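Below, all heavy atoms of this structure are taken into account, side chains as well, without hydrogens, waters or symmetry copies. Since the model is a prediction, treat every value here as computed from it, not as a measurement. All chains are named by letter (A, B, ...) in the order of the sequence lines, taking the proteins before the strands, and each is independently numbered beginning at 1.
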Protein chains: 2
Amino acid sequence: MLDSPKPQAKSAPERPQKKRMNPDAREAHIVAEAVLFFAEHGFEGKTRDLAKRIGITQPLLYRYFPSKESLIERVYQEVYVQRWNPAWEDLITDRRAPLPDRLCRFYKEYSRAVYDYVWVRMFVYSGLKGVDINDRYLRGIKEKVLRPVCGELRHANGLPTPGAVPIGEQELELAWGLHGSFFYRAIRRYIYNLTTTADSDTAIENEVRVFLSGVGPVQRQLVEAQDKQDS
Amino acid sequence: MLDSPKPQAKSAPERPQKKRMNPDAREAHIVAEAVLFFAEHGFEGKTRDLAKRIGITQPLLYRYFPSKESLIERVYQEVYVQRWNPAWEDLITDRRAPLPDRLCRFYKEYSRAVYDYVWVRMFVYSGLKGVDINDRYLRGIKEKVLRPVCGELRHANGLPTPGAVPIGEQELELAWGLHGSFFYRAIRRYIYNLTTTADSDTAIENEVRVFLSGVGPVQRQLVEAQDKQDS
DNA sequence: CTCATTATTTATCATTTGATTATTAAATAT
DNA sequence: ATATTTAATAATCAAATGATAAATAATGAG
(Lines give C-alpha, C1' and ligand atoms only; values in the text may rest on other atoms or scores of the structure.)
Protein backbone atom coordinates (compact mmCIF):
# COMPACT_ATOMS: atom_id res chain seq x y z
CA MET A 1 0.00 0.00 0.00
CA LEU A 2 1.24 3.41 -0.85
CA ASP A 3 2.39 5.57 1.94
CA SER A 4 0.21 8.59 1.62
CA PRO A 5 1.37 11.59 3.60
CA LYS A 6 -0.32 11.58 6.94
CA PRO A 7 -2.88 14.34 7.33
CA GLN A 8 -1.51 16.95 9.66
CA ALA A 9 -3.00 17.24 13.09
CA LYS A 10 -5.48 20.03 12.72
CA SER A 11 -3.59 22.93 14.24
CA ALA A 12 0.15 22.77 14.31
CA PRO A 13 1.09 25.35 11.78
CA GLU A 14 4.42 26.47 13.14
CA ARG A 15 6.48 23.36 13.72
CA PRO A 16 5.55 20.35 11.61
CA GLN A 17 6.05 18.39 14.83
CA LYS A 18 8.26 15.42 14.21
CA LYS A 19 6.44 12.16 14.60
CA ARG A 20 8.59 10.89 17.40
CA MET A 21 9.01 13.04 20.48
CA ASN A 22 11.18 12.43 23.48
CA PRO A 23 9.06 10.93 26.27
CA ASP A 24 9.29 13.86 28.66
CA ALA A 25 8.26 16.36 26.03
CA ARG A 26 5.45 14.12 24.85
CA GLU A 27 4.16 13.66 28.35
CA ALA A 28 4.25 17.38 28.99
CA HIS A 29 2.44 17.94 25.72
CA ILE A 30 -0.26 15.44 26.61
CA VAL A 31 -0.79 16.98 30.02
CA ALA A 32 -0.95 20.50 28.66
CA GLU A 33 -3.57 19.56 26.11
CA ALA A 34 -5.47 17.41 28.57
CA VAL A 35 -5.79 20.37 30.90
CA LEU A 36 -7.50 22.41 28.21
CA PHE A 37 -9.51 19.48 26.96
CA PHE A 38 -10.97 18.47 30.32
CA ALA A 39 -11.56 22.10 31.24
CA GLU A 40 -13.66 22.42 28.12
CA HIS A 41 -15.51 19.09 28.07
CA GLY A 42 -15.43 17.98 31.66
CA PHE A 43 -13.90 14.79 32.95
CA GLU A 44 -16.28 12.64 30.97
CA GLY A 45 -14.59 13.82 27.79
CA LYS A 46 -13.57 10.87 25.63
CA THR A 47 -9.97 9.74 25.38
CA ARG A 48 -10.31 9.41 21.62
CA ASP A 49 -11.34 13.04 21.30
CA LEU A 50 -8.45 14.10 23.49
CA ALA A 51 -6.01 12.08 21.38
CA LYS A 52 -7.37 13.63 18.20
CA ARG A 53 -6.90 17.08 19.69
CA ILE A 54 -3.31 16.28 20.62
CA GLY A 55 -2.68 14.76 17.22
CA ILE A 56 -1.81 11.27 18.42
CA THR A 57 -3.61 7.97 18.52
CA GLN A 58 -5.68 7.07 21.52
CA PRO A 59 -3.62 4.08 22.70
CA LEU A 60 -0.55 6.26 22.99
CA LEU A 61 -2.16 7.97 25.97
CA TYR A 62 -1.91 4.65 27.76
CA ARG A 63 1.80 4.44 27.28
CA TYR A 64 2.14 7.60 29.35
CA PHE A 65 -0.68 7.13 31.80
CA PRO A 66 -1.94 3.76 33.02
CA SER A 67 -5.54 4.93 33.00
CA LYS A 68 -7.75 7.87 32.19
CA GLU A 69 -8.21 8.43 35.89
CA SER A 70 -4.48 8.78 36.48
CA LEU A 71 -4.30 11.34 33.70
CA ILE A 72 -7.12 13.28 35.31
CA GLU A 73 -5.31 13.09 38.62
CA ARG A 74 -2.28 14.60 36.97
CA VAL A 75 -4.38 17.33 35.39
CA TYR A 76 -5.80 18.20 38.79
CA GLN A 77 -2.35 18.63 40.23
CA GLU A 78 -1.31 20.72 37.27
CA VAL A 79 -4.24 23.09 37.74
CA TYR A 80 -4.65 23.34 41.49
CA VAL A 81 -1.09 23.56 42.67
CA GLN A 82 0.73 26.76 43.48
CA ARG A 83 -1.91 29.26 42.54
CA TRP A 84 -2.35 30.59 46.04
CA ASN A 85 0.22 33.18 47.00
CA PRO A 86 0.99 32.91 50.74
CA ALA A 87 1.91 36.60 50.78
CA TRP A 88 -1.75 37.41 50.30
CA GLU A 89 -2.51 36.42 53.86
CA ASP A 90 -0.18 39.13 55.13
CA LEU A 91 -1.30 41.60 52.50
CA ILE A 92 -4.88 41.55 53.76
CA THR A 93 -3.92 42.22 57.38
CA ASP A 94 -0.98 44.56 56.92
CA ARG A 95 -2.38 47.74 58.41
CA ARG A 96 0.42 49.93 57.15
CA ALA A 97 -1.68 50.33 54.02
CA PRO A 98 -5.29 51.57 53.97
CA LEU A 99 -7.89 48.81 53.89
CA PRO A 100 -9.40 49.80 50.53
CA ASP A 101 -5.96 49.53 48.93
CA ARG A 102 -5.34 46.15 50.50
CA LEU A 103 -8.65 44.71 49.43
CA CYS A 104 -8.35 46.07 45.91
CA ARG A 105 -4.86 44.79 45.52
CA PHE A 106 -5.67 41.38 46.92
CA TYR A 107 -8.72 40.83 44.76
CA LYS A 108 -7.04 42.11 41.64
CA GLU A 109 -4.10 39.79 42.13
CA TYR A 110 -6.26 36.90 43.24
CA SER A 111 -8.63 37.25 40.31
CA ARG A 112 -5.79 37.48 37.86
CA ALA A 113 -3.93 34.49 39.29
CA VAL A 114 -6.84 32.15 39.97
CA TYR A 115 -9.87 33.02 37.89
CA ASP A 116 -8.90 31.84 34.45
CA TYR A 117 -10.72 29.61 31.98
CA VAL A 118 -9.19 26.36 33.15
CA TRP A 119 -9.39 26.89 36.90
CA VAL A 120 -12.94 28.17 36.95
CA ARG A 121 -14.40 25.50 34.70
CA MET A 122 -12.62 22.64 36.43
CA PHE A 123 -13.62 23.99 39.79
CA VAL A 124 -17.25 24.06 38.77
CA TYR A 125 -17.10 20.67 37.07
CA SER A 126 -15.58 19.28 40.23
CA GLY A 127 -18.23 20.88 42.37
CA LEU A 128 -21.01 19.33 40.32
CA LYS A 129 -19.38 15.94 40.52
CA GLY A 130 -18.92 16.26 44.26
CA VAL A 131 -15.14 16.04 44.31
CA ASP A 132 -13.79 17.06 47.69
CA ILE A 133 -11.39 19.62 46.31
CA ASN A 134 -13.99 22.39 46.38
CA ASP A 135 -14.96 21.95 49.98
CA ARG A 136 -11.35 22.06 51.09
CA TYR A 137 -10.54 25.05 48.93
CA LEU A 138 -13.49 27.11 50.08
CA ARG A 139 -12.77 26.27 53.68
CA GLY A 140 -9.35 27.78 53.04
CA ILE A 141 -10.87 30.89 51.51
CA LYS A 142 -13.06 31.27 54.54
CA GLU A 143 -10.18 31.10 57.00
CA LYS A 144 -7.50 32.87 54.98
CA VAL A 145 -9.57 35.57 53.34
CA LEU A 146 -13.07 36.08 54.66
CA ARG A 147 -12.40 35.94 58.40
CA PRO A 148 -9.35 38.18 58.12
CA VAL A 149 -11.37 40.59 55.99
CA CYS A 150 -14.09 40.66 58.64
CA GLY A 151 -11.45 41.33 61.24
CA GLU A 152 -10.02 44.23 59.25
CA LEU A 153 -13.51 45.61 58.73
CA ARG A 154 -14.04 45.43 62.48
CA HIS A 155 -10.87 47.41 63.00
CA ALA A 156 -11.67 49.98 60.34
CA ASN A 157 -15.10 50.55 61.81
CA GLY A 158 -13.98 50.71 65.43
CA LEU A 159 -15.68 47.45 66.38
CA PRO A 160 -14.50 44.80 68.85
CA THR A 161 -11.94 42.27 67.67
CA PRO A 162 -12.99 38.75 66.66
CA GLY A 163 -11.29 37.64 69.84
CA ALA A 164 -13.70 39.71 71.91
CA VAL A 165 -16.83 39.05 69.87
CA PRO A 166 -16.67 36.08 67.50
CA ILE A 167 -17.51 36.59 63.85
CA GLY A 168 -21.11 35.57 63.22
CA GLU A 169 -22.57 33.77 60.24
CA GLN A 170 -24.33 36.80 58.84
CA GLU A 171 -21.24 38.90 59.25
CA LEU A 172 -19.25 36.33 57.33
CA GLU A 173 -21.97 36.31 54.74
CA LEU A 174 -21.20 39.93 53.95
CA ALA A 175 -17.67 38.97 53.05
CA TRP A 176 -18.95 35.99 51.03
CA GLY A 177 -21.08 38.49 49.15
CA LEU A 178 -18.11 40.61 48.14
CA HIS A 179 -16.14 37.54 47.23
CA GLY A 180 -19.03 36.16 45.23
CA SER A 181 -19.47 39.26 43.17
CA PHE A 182 -15.96 38.73 41.83
CA PHE A 183 -16.29 35.01 41.31
CA TYR A 184 -19.57 35.60 39.55
CA ARG A 185 -17.85 37.75 36.97
CA ALA A 186 -15.54 34.83 36.25
CA ILE A 187 -18.55 32.54 35.94
CA ARG A 188 -20.25 34.84 33.52
CA ARG A 189 -17.16 34.91 31.40
CA TYR A 190 -15.96 31.31 31.49
CA ILE A 191 -19.10 29.30 32.16
CA TYR A 192 -21.75 31.38 30.46
CA ASN A 193 -19.41 32.73 27.85
CA LEU A 194 -20.68 36.28 28.19
CA THR A 195 -18.33 38.90 26.87
CA THR A 196 -17.60 41.27 29.69
CA THR A 197 -16.32 44.44 28.14
CA ALA A 198 -15.96 46.17 31.49
CA ASP A 199 -12.39 46.21 32.75
CA SER A 200 -12.03 43.76 35.61
CA ASP A 201 -9.64 45.82 37.74
CA THR A 202 -11.87 48.86 37.53
CA ALA A 203 -14.92 46.79 38.45
CA ILE A 204 -13.06 45.47 41.50
CA GLU A 205 -12.15 48.98 42.58
CA ASN A 206 -15.73 50.13 42.26
CA GLU A 207 -17.22 47.18 44.08
CA VAL A 208 -14.72 47.36 46.92
CA ARG A 209 -15.50 51.05 47.29
CA VAL A 210 -19.23 50.43 47.39
CA PHE A 211 -18.78 47.63 49.88
CA LEU A 212 -16.46 49.46 52.24
CA SER A 213 -18.43 52.66 52.32
CA GLY A 214 -21.66 50.81 53.03
CA VAL A 215 -20.67 47.93 55.27
CA GLY A 216 -19.96 49.83 58.49
CA PRO A 217 -23.42 50.30 60.00
CA VAL A 218 -24.61 46.84 58.95
CA GLN A 219 -21.60 45.18 60.48
CA ARG A 220 -21.97 47.21 63.66
CA GLN A 221 -25.52 46.03 64.02
CA LEU A 222 -24.54 42.41 63.46
CA VAL A 223 -21.67 42.60 65.92
CA GLU A 224 -23.87 44.13 68.58
CA ALA A 225 -26.47 41.45 68.09
CA GLN A 226 -23.76 38.81 68.25
CA ASP A 227 -22.35 40.36 71.41
CA LYS A 228 -25.73 40.40 73.10
CA GLN A 229 -26.31 36.81 72.12
CA ASP A 230 -23.03 35.75 73.71
CA SER A 231 -23.50 37.45 77.04
CA MET B 1 -33.82 28.81 47.72
CA LEU B 2 -34.36 29.03 51.38
CA ASP B 3 -35.28 25.69 52.72
CA SER B 4 -34.98 23.29 49.86
CA PRO B 5 -32.46 20.68 50.86
CA LYS B 6 -30.94 18.42 48.30
CA PRO B 7 -33.70 16.09 47.19
CA GLN B 8 -33.11 12.57 48.31
CA ALA B 9 -33.08 9.76 45.87
CA LYS B 10 -36.35 8.08 46.59
CA SER B 11 -35.52 5.46 49.11
CA ALA B 12 -38.65 4.36 50.92
CA PRO B 13 -41.58 4.38 48.54
CA GLU B 14 -44.59 4.80 50.76
CA ARG B 15 -46.99 3.05 48.49
CA PRO B 16 -45.77 -0.27 47.16
CA GLN B 17 -46.64 1.18 43.78
CA LYS B 18 -48.63 -1.20 41.70
CA LYS B 19 -46.64 -2.51 38.81
CA ARG B 20 -48.92 -1.18 36.13
CA MET B 21 -49.60 2.54 36.14
CA ASN B 22 -51.82 4.54 33.87
CA PRO B 23 -49.72 6.12 31.12
CA ASP B 24 -50.20 9.75 32.16
CA ALA B 25 -49.21 9.04 35.73
CA ARG B 26 -46.23 6.99 34.61
CA GLU B 27 -45.03 9.69 32.27
CA ALA B 28 -45.36 12.32 34.97
CA HIS B 29 -43.47 10.06 37.34
CA ILE B 30 -40.68 9.54 34.86
CA VAL B 31 -40.35 13.25 34.17
CA ALA B 32 -40.34 14.14 37.86
CA GLU B 33 -37.58 11.68 38.61
CA ALA B 34 -35.64 12.60 35.49
CA VAL B 35 -35.58 16.21 36.59
CA LEU B 36 -33.90 15.27 39.86
CA PHE B 37 -31.69 12.69 38.22
CA PHE B 38 -30.28 14.97 35.52
CA ALA B 39 -29.93 17.84 37.99
CA GLU B 40 -27.74 15.59 40.10
CA HIS B 41 -25.71 13.76 37.45
CA GLY B 42 -25.85 16.08 34.48
CA PHE B 43 -27.24 15.23 31.09
CA GLU B 44 -24.69 12.50 30.54
CA GLY B 45 -26.35 10.48 33.26
CA LYS B 46 -27.11 6.97 32.04
CA THR B 47 -30.63 5.89 31.15
CA ARG B 48 -30.13 2.65 33.04
CA ASP B 49 -29.29 4.51 36.22
CA LEU B 50 -32.31 6.71 35.76
CA ALA B 51 -34.56 3.69 35.23
CA LYS B 52 -33.18 2.05 38.34
CA ARG B 53 -33.90 5.19 40.33
CA ILE B 54 -37.46 5.27 39.03
CA GLY B 55 -37.87 1.60 39.71
CA ILE B 56 -38.62 0.54 36.14
CA THR B 57 -36.65 -1.16 33.41
CA GLN B 58 -34.64 0.93 31.02
CA PRO B 59 -36.56 0.07 27.84
CA LEU B 60 -39.75 1.38 29.41
CA LEU B 61 -38.34 4.89 29.15
CA TYR B 62 -38.46 4.45 25.39
CA ARG B 63 -42.13 3.69 25.43
CA TYR B 64 -42.73 7.17 26.80
CA PHE B 65 -39.96 9.10 25.09
CA PRO B 66 -38.54 8.28 21.66
CA SER B 67 -35.00 9.14 22.74
CA LYS B 68 -32.94 10.29 25.68
CA GLU B 69 -32.65 13.66 24.04
CA SER B 70 -36.40 14.11 23.89
CA LEU B 71 -36.65 13.29 27.57
CA ILE B 72 -34.00 15.88 28.31
CA GLU B 73 -35.90 18.38 26.22
CA ARG B 74 -38.96 17.68 28.31
CA VAL B 75 -36.96 18.07 31.51
CA TYR B 76 -35.71 21.45 30.32
CA GLN B 77 -39.23 22.65 29.74
CA GLU B 78 -40.28 21.36 33.12
CA VAL B 79 -37.52 23.26 34.89
CA TYR B 80 -37.24 26.50 32.96
CA VAL B 81 -40.85 27.36 32.33
CA GLN B 82 -42.89 29.71 34.43
CA ARG B 83 -40.38 30.55 37.09
CA TRP B 84 -40.15 34.21 36.20
CA ASN B 85 -42.92 36.29 37.68
CA PRO B 86 -43.80 39.17 35.31
CA ALA B 87 -44.97 41.21 38.29
CA TRP B 88 -41.35 41.53 39.35
CA GLU B 89 -40.65 43.94 36.53
CA ASP B 90 -43.20 46.34 37.96
CA LEU B 91 -42.14 45.65 41.52
CA ILE B 92 -38.63 46.90 40.89
CA THR B 93 -39.73 50.19 39.35
CA ASP B 94 -42.80 50.93 41.43
CA ARG B 95 -41.69 54.06 43.24
CA ARG B 96 -44.58 54.08 45.66
CA ALA B 97 -42.39 51.87 47.85
CA PRO B 98 -38.87 52.77 49.02
CA LEU B 99 -36.10 51.31 46.86
CA PRO B 100 -34.55 49.19 49.64
CA ASP B 101 -37.89 47.51 50.22
CA ARG B 102 -38.35 46.84 46.53
CA LEU B 103 -34.90 45.37 46.07
CA CYS B 104 -35.18 43.23 49.17
CA ARG B 105 -38.57 41.95 48.23
CA PHE B 106 -37.58 41.22 44.66
CA TYR B 107 -34.42 39.34 45.54
CA LYS B 108 -36.08 37.41 48.31
CA GLU B 109 -38.88 36.29 46.03
CA TYR B 110 -36.58 35.71 43.10
CA SER B 111 -34.13 33.64 45.13
CA ARG B 112 -36.92 31.60 46.60
CA ALA B 113 -38.61 30.95 43.27
CA VAL B 114 -35.57 30.38 41.08
CA TYR B 115 -32.54 29.37 43.08
CA ASP B 116 -33.32 25.82 44.06
CA TYR B 117 -31.28 22.63 43.71
CA VAL B 118 -32.63 21.66 40.32
CA TRP B 119 -32.59 25.05 38.63
CA VAL B 120 -29.13 26.05 39.76
CA ARG B 121 -27.43 22.79 38.90
CA MET B 122 -29.08 22.47 35.51
CA PHE B 123 -28.28 26.06 34.74
CA VAL B 124 -24.63 25.49 35.49
CA TYR B 125 -24.51 22.15 33.67
CA SER B 126 -26.04 23.87 30.67
CA GLY B 127 -23.57 26.70 30.85
CA LEU B 128 -20.63 24.33 30.85
CA LYS B 129 -22.04 22.46 27.89
CA GLY B 130 -22.67 25.67 26.02
CA VAL B 131 -26.41 25.33 25.68
CA ASP B 132 -27.95 28.58 24.53
CA ILE B 133 -30.44 28.76 27.37
CA ASN B 134 -28.04 30.58 29.66
CA ASP B 135 -27.17 33.35 27.28
CA ARG B 136 -30.81 34.07 26.61
CA TYR B 137 -31.74 33.96 30.27
CA LEU B 138 -28.97 36.26 31.42
CA ARG B 139 -29.76 38.68 28.65
CA GLY B 140 -33.25 38.79 30.12
CA ILE B 141 -31.88 39.41 33.61
CA LYS B 142 -29.82 42.26 32.27
CA GLU B 143 -32.77 43.99 30.64
CA LYS B 144 -35.49 43.15 33.15
CA VAL B 145 -33.53 43.46 36.37
CA LEU B 146 -30.12 45.08 36.15
CA ARG B 147 -30.92 48.01 33.86
CA PRO B 148 -34.10 48.84 35.78
CA VAL B 149 -32.17 48.60 39.04
CA CYS B 150 -29.55 50.99 37.68
CA GLY B 151 -32.34 53.33 36.66
CA GLU B 152 -33.86 53.25 40.12
CA LEU B 153 -30.47 53.84 41.67
CA ARG B 154 -30.04 56.86 39.43
CA HIS B 155 -33.36 58.21 40.63
CA ALA B 156 -32.64 57.51 44.29
CA ASN B 157 -29.31 59.29 44.05
CA GLY B 158 -30.57 62.28 42.07
CA LEU B 159 -28.68 61.31 38.91
CA PRO B 160 -29.77 61.75 35.29
CA THR B 161 -32.12 59.19 33.80
CA PRO B 162 -30.81 56.44 31.52
CA GLY B 163 -32.56 58.33 28.73
CA ALA B 164 -30.36 61.34 29.34
CA VAL B 165 -27.11 59.49 30.07
CA PRO B 166 -26.99 55.84 28.95
CA ILE B 167 -26.05 53.19 31.47
CA GLY B 168 -22.37 52.34 31.14
CA GLU B 169 -20.71 48.96 31.40
CA GLN B 170 -19.08 49.64 34.75
CA GLU B 171 -22.33 50.97 36.13
CA LEU B 172 -24.09 47.80 35.05
CA GLU B 173 -21.26 45.84 36.60
CA LEU B 174 -22.24 47.19 40.00
CA ALA B 175 -25.68 45.68 39.59
CA TRP B 176 -24.14 42.41 38.36
CA GLY B 177 -22.11 42.43 41.55
CA LEU B 178 -25.17 42.62 43.75
CA HIS B 179 -26.91 39.98 41.68
CA GLY B 180 -23.87 37.74 41.78
CA SER B 181 -23.56 37.85 45.53
CA PHE B 182 -26.99 36.21 45.74
CA PHE B 183 -26.38 33.70 42.98
CA TYR B 184 -23.08 32.80 44.58
CA ARG B 185 -24.84 31.81 47.77
CA ALA B 186 -26.93 29.38 45.70
CA ILE B 187 -23.78 28.04 44.09
CA ARG B 188 -22.13 27.47 47.42
CA ARG B 189 -25.13 25.55 48.57
CA TYR B 190 -26.10 23.50 45.52
CA ILE B 191 -22.87 23.14 43.59
CA TYR B 192 -20.30 23.09 46.36
CA ASN B 193 -22.63 21.56 48.88
CA LEU B 194 -21.62 23.93 51.66
CA THR B 195 -24.07 24.16 54.47
CA THR B 196 -25.07 27.78 54.81
CA THR B 197 -26.52 28.24 58.24
CA ALA B 198 -27.12 31.94 57.72
CA ASP B 199 -30.72 32.78 56.94
CA SER B 200 -31.03 33.71 53.28
CA ASP B 201 -33.60 36.48 53.67
CA THR B 202 -31.57 38.17 56.37
CA ALA B 203 -28.44 37.96 54.24
CA ILE B 204 -30.30 39.58 51.36
CA GLU B 205 -31.47 42.39 53.60
CA ASN B 206 -27.97 43.02 54.85
CA GLU B 207 -26.35 42.95 51.44
CA VAL B 208 -28.95 45.22 49.88
CA ARG B 209 -28.43 47.66 52.72
CA VAL B 210 -24.65 47.65 52.28
CA PHE B 211 -25.02 48.06 48.56
CA LEU B 212 -27.55 50.89 48.63
CA SER B 213 -25.79 52.90 51.29
CA GLY B 214 -22.47 52.65 49.45
CA VAL B 215 -23.33 52.78 45.79
CA GLY B 216 -24.30 56.47 45.49
CA PRO B 217 -20.93 58.20 45.14
CA VAL B 218 -19.48 55.46 42.94
CA GLN B 219 -22.43 55.57 40.61
CA ARG B 220 -22.31 59.36 40.47
CA GLN B 221 -18.70 59.22 39.43
CA LEU B 222 -19.41 56.65 36.74
CA VAL B 223 -22.37 58.59 35.39
CA GLU B 224 -20.37 61.80 35.21
CA ALA B 225 -17.59 60.04 33.37
CA GLN B 226 -20.13 58.49 31.04
CA ASP B 227 -21.75 61.90 30.46
CA LYS B 228 -18.45 63.55 29.66
CA GLN B 229 -17.59 60.73 27.28
CA ASP B 230 -20.84 61.25 25.40
CA SER B 231 -20.58 64.99 24.92
C1' DC C 1 24.99 0.24 6.61
C1' DT C 2 23.05 -3.02 10.09
C1' DC C 3 20.83 -3.71 14.07
C1' DA C 4 18.68 -2.90 18.55
C1' DT C 5 15.60 0.04 20.98
C1' DT C 6 11.29 2.06 21.62
C1' DA C 7 7.84 5.73 20.32
C1' DT C 8 3.83 5.23 17.80
C1' DT C 9 0.19 3.01 15.26
C1' DT C 10 -3.10 -0.67 13.84
C1' DA C 11 -6.10 -4.06 15.25
C1' DT C 12 -8.82 -5.71 18.77
C1' DC C 13 -11.06 -6.85 23.30
C1' DA C 14 -14.56 -6.30 26.94
C1' DT C 15 -17.92 -3.21 28.80
C1' DT C 16 -20.97 0.22 28.58
C1' DT C 17 -24.86 2.53 26.66
C1' DG C 18 -28.70 4.28 23.72
C1' DA C 19 -32.09 1.97 21.41
C1' DT C 20 -35.19 -2.06 19.33
C1' DT C 21 -37.81 -6.38 19.28
C1' DA C 22 -40.12 -10.13 21.18
C1' DT C 23 -42.35 -11.85 25.13
C1' DT C 24 -44.96 -11.66 29.52
C1' DA C 25 -48.57 -10.41 32.44
C1' DA C 26 -51.84 -6.99 34.50
C1' DA C 27 -56.07 -4.58 33.71
C1' DT C 28 -60.55 -4.30 31.26
C1' DA C 29 -64.33 -5.83 28.48
C1' DT C 30 -67.49 -9.47 27.04
C1' DA D 1 -64.30 -17.40 33.26
C1' DT D 2 -62.40 -16.02 28.61
C1' DA D 3 -60.58 -12.94 25.47
C1' DT D 4 -58.49 -8.54 24.30
C1' DT D 5 -55.58 -4.82 25.05
C1' DT D 6 -51.34 -2.95 26.38
C1' DA D 7 -48.05 -1.71 30.34
C1' DA D 8 -43.95 -3.65 31.43
C1' DT D 9 -40.03 -6.81 31.09
C1' DA D 10 -36.37 -9.85 29.06
C1' DA D 11 -33.35 -10.42 25.51
C1' DT D 12 -30.55 -8.31 22.34
C1' DC D 13 -28.36 -5.10 18.89
C1' DA D 14 -25.00 -1.68 17.30
C1' DA D 15 -22.14 1.90 18.32
C1' DA D 16 -19.12 3.99 21.61
C1' DT D 17 -15.48 3.71 24.94
C1' DG D 18 -11.61 2.52 28.19
C1' DA D 19 -8.01 -0.42 27.73
C1' DT D 20 -4.58 -4.12 25.74
C1' DA D 21 -1.60 -6.64 22.44
C1' DA D 22 0.70 -7.01 18.29
C1' DA D 23 2.83 -4.70 14.44
C1' DT D 24 5.37 -0.72 12.49
C1' DA D 25 8.75 2.67 11.92
C1' DA D 26 11.76 6.40 13.67
C1' DT D 27 16.04 7.07 16.14
C1' DG D 28 20.64 6.20 17.65
C1' DA D 29 24.71 2.93 18.36
C1' DG D 30 28.39 0.15 16.50
Side-chain angles (χ1 to χ4, degrees), chain A residues 1-12 15-35 37-38 40-76 125 129 131, chain B residues 10 13 15-35 37-38 40-76 125 129 131:
Chain A
M1 183 157 101
L2 282 184
D3 222 352
S4 56
K6 170 135 194 192
Q8 282 299 330
K10 54 175 177 180
S11 60
R15 297 189 68 183
Q17 174 178 300
K18 57 181 183 180
K19 284 192 184 298
R20 218 177 147 107
M21 289 177 72
N22 108 6
D24 287 345
R26 175 64 83 195
E27 180 173 321
H29 187 205
I30 289 175
V31 170
E33 292 290 337
V35 163
F37 177 81
F38 287 123
E40 182 174 348
H41 297 98
F43 302 106
E44 299 181 6
K46 321 301 181 190
T47 56
R48 279 172 179 78
D49 293 337
L50 169 58
K52 185 177 292 182
R53 171 183 184 131
I54 300 177
I56 61 177
T57 57
Q58 180 248 6
L60 188 57
L61 294 172
Y62 289 85
R63 184 175 178 93
Y64 291 90
F65 298 90
S67 68
K68 180 183 177 183
E69 195 179 320
S70 71
L71 173 56
I72 290 176
E73 205 50 50
R74 173 66 179 278
V75 164
Y76 262 112
Y125 268 123
K129 278 184 69 178
V131 181
Chain B
K10 76 162 201 171
R15 300 186 63 186
Q17 172 177 297
K18 56 181 183 180
K19 284 195 182 297
R20 217 178 147 105
M21 288 177 73
N22 107 8
D24 287 346
R26 177 63 82 195
E27 180 174 321
H29 187 206
I30 290 175
V31 170
E33 291 291 338
V35 163
F37 177 81
F38 286 122
E40 183 173 349
H41 297 98
F43 301 107
E44 299 181 7
K46 321 301 181 190
T47 56
R48 279 172 179 77
D49 294 336
L50 169 58
K52 185 176 291 183
R53 171 184 183 132
I54 300 176
I56 61 177
T57 57
Q58 180 247 6
L60 188 56
L61 294 172
Y62 288 86
R63 184 175 176 96
Y64 291 89
F65 297 91
S67 68
K68 181 184 177 184
E69 194 179 322
S70 71
L71 173 56
I72 290 176
E73 204 52 50
R74 173 66 178 280
V75 164
Y76 262 112
Y125 268 123
K129 280 185 66 178
V131 182

Report the nucleotide, chosen from D:dT5, D:dT9, D:dT20, that has the shortest atom-to-atom distance to any side-chain atom of A:P59.
D:dT20
Using the six-membered ring wherever Trp is involved, compare the ring planes of A:Y125 and A:F43 and label them parallel, tilted or perpendicular (cut-offs 30° and 60°).
perpendicular
Starting from P on D:dA7, measure out to CG on B:N22 and report it in whole angstrom.
9 Å
Rounding to a whole Å, what distance do you find between B:E27:CD and D:dA8:P?
12 Å
Ignoring the backbone of A:T57, work out which of C:dT10, D:dT17, C:dA19 is nearest its side chain.
C:dT10
Candidate nucleotides D:dA19, C:dA19, D:dA8, ranked by approach to the side chain of B:Y62 - the nearest:
C:dA19
Would the base of C:dT6 count as contacting A:R20 through its side chain, where contact means a donor and an acceptor less than 3.5 Å apart?
yes
A:L61 CG to D:dT20 P: how many Å, rounded?
13 Å
Tell me the interatomic distance from A:L50, atom CG, to D:dT17, atom C1', rounded to whole angstroms.
13 Å
Using whole Å, what does the distance between atom P of nucleotide C:dT16 and atom CD of B:Q58 come to?
14 Å
Closest to side chain of B:L60, choosing from D:dA8, D:dA19, C:dT8:
D:dA8
In whole angstroms, the gap separating P of C:dG18 from CD of B:E69 amounts to 13 Å
Given C:dT8, is OP1 or OP2 found less than 4.0 Å from the side-chain N or O atoms of A:R26?
yes
What is the distance, rounded to the nearest whole Å, between atom CZ of B:R48 and atom P of C:dT15?
15 Å
Identify whether any heavy atom of A:Y64 sits under 4.0 Å from a base atom; if not, whether one sits that close to sugar-phosphate; answer base, sugar-phosphate or nothing.
sugar-phosphate
Does a side-chain N or O from A:T47 land closer than 4.0 Å to OP1 or OP2 of D:dT17, or not?
no
In whole angstroms, how far is the P atom of D:dA10 from the CD1 atom of B:I56?
12 Å
